[in-house]
There are 2 protein chains.
Amino acid sequence: MFSKSCKYGLRSVIFIAGQAGENKKVSLTAVASGIDSPQAFTAKILQQLTKSSIVNSTKGPYGGFFIRKEDLETILLSDVVSVFDGDSVYTGCGLGLSKCDAKSPCPLHDKFITIRANIKVMLNSSLAAILNSEAEENLMFLKR
Amino acid sequence: MFSKSCKYGLRSVIFIAGQAGENKKVSLTAVASGIDSPQAFTAKILQQLTKSSIVNSTKGPYGGFFIRKEDLETILLSDVVSVFDGDSVYTGCGLGLSKCDAKSPCPLHDKFITIRANIKVMLNSSLAAILNSEAEENLMFLKR
DNA sequence: GACATAAAAGACATATTTATCCTTTTTAAA
DNA sequence: TTTAAAAAGGATAAATATGTCTTTTATGTC
Ligand code: SF4
Ligand code: SF4
């Protein structure tokens, strides 16, 4: 469904967002251990996320990665996915065909449309929505 | 969604099934050009499909790949997918987590369940169903 | 049996994704 | 100003996916 990078990215963002309460910053080490991912690779993931300004960062002591509280509402999961996997989720064809032509659709057309619509709905969740759906600070699921 | 191998596999099977009317056999060349895929790689794909006895084959002159008419009803798209991508479609986790625990689900749990259910429905289509849904021999969509 | 044809099998090649390591730059605190 | 913490960047390595090529094996025709 999503690339591994994308999954780490989603988990990273959710983890960092979980700390956004007091504008707290988290270090690379904290993120990697918080989502149980390889640290060096996670560094690259976080770089991409900061370059696309989904997360912010400051260098030096007491620095780290963070997301501002007021941004939780506006950042959508789809924003994160598009950084890593582009729009393949929406345009990708179930049979690997290059064109999806609604006029002469393949036999799976309708079913694929449904699936894509579901995915779209899911990715339209804001970070705030994700966090609210869980009991306070219970982000343990990220480390499974 | 599916690996490239899997997509070639699906298209190959649908193409071969389309010829199953008269128990006709099709050569590798015919398949590759019929679904517009790299020939040498398609050979590998077809090997895997015969090894898992989804398609049959005979060597030598007048040989080729074929699917028996009576098997069109029983072969499901899910059979093909599982050859190439295993059960990752069903078990794979949207966040790349190793366990999906329904007791302490992640925030995306419900939405993912829905998506997976849709995929399951789609893959439950038999080859016969796929072929019937199209006007006779109009399998041009395979070459897009 | 000799020959031609077509798939099977395995060795080889390339591309992409995933992951690690090491150095440089920035920054805050002492 | 020195020092240490932390991200940024570049180079590289390992793993996987994708793709090609050559040889072997089976089978129908003559
Ligand atoms: S409907 Fe058919 S042609 Fe369109 S994207 Fe899906 S598989 Fe491809
Ligand atoms: S519901 Fe959550 S834990 Fe379960 S598979 Fe989906 S993302 Fe993973």
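No hydrogens, no waters, no symmetry mates; every other heavy atom, side chains included, goes into these values. Below, read A as the first sequence line, B as the second, and so on, with proteins coming before strands; counting in each chain starts at 1. Since this is a predicted model, take the numbers as computed values, not measurements.
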Just by distance, no angles: are the side chains of A:Asn118 and B:Thr114 close enough, under 3.5 Å, to form a donor-acceptor pair? no

Rounded to whole Å, the CZ-C1' distance (A:Phe2 to C:dT18) equals 18 Å

Ignoring hydrogens and angles, state whether a donor on the side chain of B:Lys111 or A:Ser125 is under 3.5 Å from an acceptor on the partner side chain. yes

Quick check against the 3.5 Å criterion: does B:Ser126 have a side-chain atom that pairs as donor or acceptor with the backbone of B:Ala129? yes

Listed pairs, N/O of protein and of nucleotides 7-15 of chain C, under 3.5 Å:
unit_1: C:dA7; atom_1: OP1; unit_2: B:Leu28; atom_2: N; d: 2.9
unit_1: C:dA7; atom_1: O3'; unit_2: B:Ser57; atom_2: OG; d: 3.4
unit_1: C:dA8; atom_1: OP1; unit_2: B:Ser57; atom_2: OG; d: 2.5
unit_1: C:dA8; atom_1: O4'; unit_2: B:Lys59; atom_2: NZ; d: 3.4
unit_1: C:dA9; atom_1: N7; unit_2: B:Gln47; atom_2: NE2; d: 2.9
unit_1: C:dG10; atom_1: N7; unit_2: B:Lys44; atom_2: NZ; d: 2.5
unit_1: C:dG10; atom_1: O6; unit_2: B:Lys44; atom_2: NZ; d: 2.7

State, to 0.1 Å, how close B:Gly34 and B:Phe15 come at their nearest heavy-atom pair, and which atoms those are. CA-CE1, 3.7 Å

Protein-nucleotide distance (A:Ile45, atom CD1; C:dA19, atom C1'), rounded to Å: 10 Å

Strictly by modelled atom types, are B:Thr42 and B:Ser37 linked by a side-chain donor-acceptor pair under 3.5 Å? yes

Just to be sure I understand the rule, does A:Tyr62 reach a base, reach only the sugar-phosphate, or reach nothing, if contact means heavy atoms closer than 4.0 Å? sugar-phosphate

Looking at every strand, decide which applies to B:Phe84 at a 4.0 Å heavy-atom threshold: base, sugar-phosphate, or nothing. nothing

A:Phe65 and A:Thr50, any side-chain heavy atoms less than 4.5 Å apart: yes

Going 5' to 3' along DNA chain D, which nucleotides are the first and last within contact of chain B (any atom under 4.0 Å from a heavy atom)? D:dT18 to D:dG28

With A:Tyr8 via ring-ring contact (aromatic ring centres under 6.0 Å, His included) - residues at least two apart: A:Phe41

Would the number of heavy atoms belonging to other residues, nucleotides or ligands and lying under 6.0 Å from OH of A:Tyr90 be above 12? yes

